[in-house]
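Scroll down for the structure; my scribbles are underneath it.
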Amino acid sequence: NVSYHCWLQYRKIEEEAWIEQYQKYCHIIVVAEDSPIKTSALSELQKGLTSLLGHTPSVSTNPQQSSAIILATAEDAHLYEDVIHPVVFEQVNDDGYIIKAINDNSCNKLYLLGKQDKGVLYAAFHLLRKMAQQEELQSVDIIENPRNQFRMINQWDNMNGTIERGYSGNSIFYADNQFIGDWERIKDYARLLSSVGINAISINNVNVFKVETKLITEDFLPDVAKVADIFRAYGIKTFLSINYASPIELGDLDTADPLNPDVEAWWKEKAEEIYSYIPDFGGFVVKADSEHRPGPFSYNRDHAEGANVLAKALQPFGGVVIWRCFVYNCLQDWRDRSTDRAKAAYDHFKPLDGKFLENVILQVKNGPMDFQVREPVSPLFGAMSETNQIIEFQVAQEYTGQQIDLCYLVPQWKEVLDFDTFADGKNSEVKKIVDGSLFQFKYSGVAAVSNIGNDQNWTGNTLAQANLYGYGRLIWNPELTSEEIAEEWITATFGHKPNVKETILNMLMSSWPIYENYTAPLGVGWMINPGHHYGPNIDGYEYSVWGTYHYADRDGIGVDRTSATGTGYTNQYFPPNSAFYESLETCPDELLLFFHHVPYTHRLHSGKTVIQHIYDTHFAGVEQVEKLKAMFSELDGDIDQAIYHNVLERLERQLKNATEWRDKINTYFFRKSGIEDEKHRKIY
Ligand code: BDP
């Protein structure tokens with residue numbers, strides 16, 4: 001089944017000319033000095049080249065070859081000092097690399113040079129990608145440095161085998177409250193992640209329940225260590241999500257108060273124990289005081305005090321605490337319109353700026369609410385210049401179609417990274433905050449919730465593989481365009497047929513706006529079924545305590561978050577963004593209902609009224625899904641049959657879903673407003 005191999009299929013190259021050009025370099029691979037990561041690079045190259053070129057290269061430790069691929073780090077550069085001057089390594093950062101071809105009569109060498117061995121591995125994946133894309137190698141001279149330091153994936157896997165918000169089967173790590181022990185599958189996951197530059201992973205759900213609390217005990221640490229060994233060989237550090245109440249839950253203390261000396265000593269000892277199993281353990285991911293999880297608030301301590309006790313314990317071993325800012329009171333009183341969940345993270349964390357120890361990193365979701373199809377950027381970006389930050393995206397499509405509906409998310413993430421916060425004047429984009437450059441953070445980067453499970457194709461919908469691929473590529477280099485990333489993925493997955501490339505590219509690039517069209521309008525969010533979050537339910541959360549309202553009544557819709565008459569959320573932005581969102585004149589249409597409560601007859605910048613926009617986008621959304629399906633059907637026979645049927649079946653379900661959204665949304669707003677569709681289409 002080709003879909004198992006995702007973008008690492010290494011499809012056989014058919015054109016002789018390419019084979020000839022590549023083969024010149026590929027008879028021998030030289031690795032003079034070995035390491036586990038270089039061994040991974042070597043085995044990937046052997047696998048990939050055999051498959052691409054139909055010929056298995058031999059391996060040599062002898063640096064004196066006339067033609068070869070040569071893997072080397074700064075440490076073993078002395079072996080090649082005739083060609084590699086040590087200064088070349090000054091151009092690359094810790095995870096960076098150089099790929100350079102040297103062609104000299106009958107001598108054809110390709111150097112894959114990393115400052116460290118991780119760079120060598122990334123260079124190997126890059127070389128294989130170039131070959132799969134059929135790009136020329138003779139004059140290749142590349143220097144690549146990842147922009148972000150942490151490039152992380154968060155698994156939301158539970159030890160009973162389920163995955164919180166998982167849409168592609170069960171966990172590849174756990175079943176029946178044990179590790180499954182399918183180390184080969186975990187290794188294949190490590191290969192996929194590493195091939196797009198991911199260098200950190202947390203392997204259990206942020207909601208840590210009874211069994212998972214024991215991951216940091218001798219019951220499970222030997223297995224965690226095995227997983228860490230596999231990921232380490234691919235340059236990936238292993239992290240665990242922990243339960244803040246561990247000292248109590250594991251039966252040792254009757255408090256988890258961060259300022260209690262026994263608690264501090266307990267975490268110190270715990271860290272020692274963990275590091276005795278995993279010497280390069282990454283650290284803890286923590287969801288505290290959120291959605292019924294325990295945290296420092298129980299002891300009247302703030303989140304800096306809460307995080308610092310863990311940071312102190314990890315500090316001697318070089319570990320970090322990744323502390324999530326998804327903190328809000330999910331039992332707030334919905335009858336009080338002045339409360340606003342969107343404000344919560346900023347209100348909790350901004351006052352603590354500078355109070356966290358230097359090995360604490362705050363993990364902030366991209367928007368102030370929760371991974372909706374459209375949200376403004378969280379105002380916490382830029383607001384805490386003294387505190388390390390990483391941004392959190394959701395590759396899993398919880399609110400964007402659950403890997404049934406097509407939604408290529410790279411354009412959304414790119415918009416977020418390109419957003420100018422004005423935190424330090426103009427050009428203070430989110431990407432410069434999370435890459436650490438704007439405020440010189442010690443630690444920074446990007447994390448995201450994974451979308452994989454044990455389905456044969458990893459992601460349920462095979463086209464959802466593009467999101468995992470694209471996530472890695474975009475955070476390595478935020479300057480890549482969404483199209484470039486999609487094209488790479490398509491070629492690696494489907495090959496070079498022009499009609500396949502064009503169709504899938506069109507499908508991916510149009511998918512996010514289409515999904516937005518038929519779901520909740522104009523940035524208002526949450527009109528989904530409570531609990532599982534798929535399919536329309538306009539008032540599903542409207543009268544619950546969770547703080548996710550649209551306030552639709554017969555006169556209008558939207559959440560007034562202005563400072564003049566609403567919750568004052570707009571004030572959390574730096575000027576001019578605050579004024580930009582505050583004013584109806586400048587607030588962009590797609591976020592109108594996130595920031596303003598307006599009558600249905602309010603006219604958008606597009607010239608349409610709000611109600612007509614709702615009708616039009618919902619009719620358009622369904623038509624667009626019909627088109628997606630028709631376009632895709634044309635590819636029958638041009639792509640792998642199993643993938644074809646997998647995607648087609650999802651498109652059929654998407655069409656049903658979109659139709660249901662259209663009918664429910666349009667009927668609801670027609671009945672609320674009593675305003676006819678200008679085009680007199682059938683609404684109910
Ligand atoms: C929400 C999910 C919930 C997660 C939570 C989180 O619905 O399952 O536990 O986010 O990020 O999106 O902690």
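Because the structure is predicted, anything quoted here is derived from the model rather than measured. Numbers for residues simply follow the sequence, beginning at 1. In listed order, ligands and their atoms are each counted from 1.
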| task | Report the part of N207 in contact with ligand 1, treating N, CA, C, O as backbone and CB onward as side chain, heavy atoms under 4.0 Å; options are side chain, backbone, both, neither. | result | side chain
| said: Using a 4.0 Å cut-off to any heavy atom of F326, which atoms of ligand 1 qualify? | reply: 5 (C), 6 (C), 10 (O), 11 (O), 13 (O)
| query | Going by an N to O cut-off under 4.0 Å, is there a salt bridge joining K656 and E660? | reply | no
| query | Considering only the protein, which heavy-atom contact is closest to atom 1 (C) of ligand 1, and what is its distance? | reply | D370 OD2, 3.0 Å
| request: For atom 10 (O) of ligand 1, state which one of E398, E291, R165, K365 supplies the nearest heavy atom. | output: K365
| said: I'd like to know if the side chain of N160 pairs up with that of N177 as donor and acceptor (distance under 3.5 Å, no hydrogens or angles considered). | reply: no
| message | Here's a test for you: under ring pair (Phe, Tyr, Trp, His ring centres under 6.0 Å), which of W323, F297, Y328 qualifies with H348? | response | F297
| Heavy atom of the protein closest to atom 8 (O) of ligand 1 (residue, atom name, distance) | E164 OE2, 2.3 Å
| query | With respect to Q363, which candidate in K287, E392, Q389 satisfies the side chain to side chain donor-acceptor pair (under 3.5 Å) definition? | reply | E392
| Derivation of the side-chain contact (heavy atoms from CB on, under 4.5 Å) call for Q572 and D347 | CA-CA 9 Å; Q572 294 186 344; D347 285 346; 3.3 Å; yes
| field | Cation-aromatic face contact R473/W489, 6.0 Å, 45 degrees | value | no
| ligand 1 to R324 polar contact by distance, N or O atoms, under 3.5 Å | yes
| task | Write out the residue and atom name of the closest protein heavy atom to atom 13 (O) of ligand 1, then the distance separating them to 0.1 Å. | result | K287 NZ, 2.6 Å
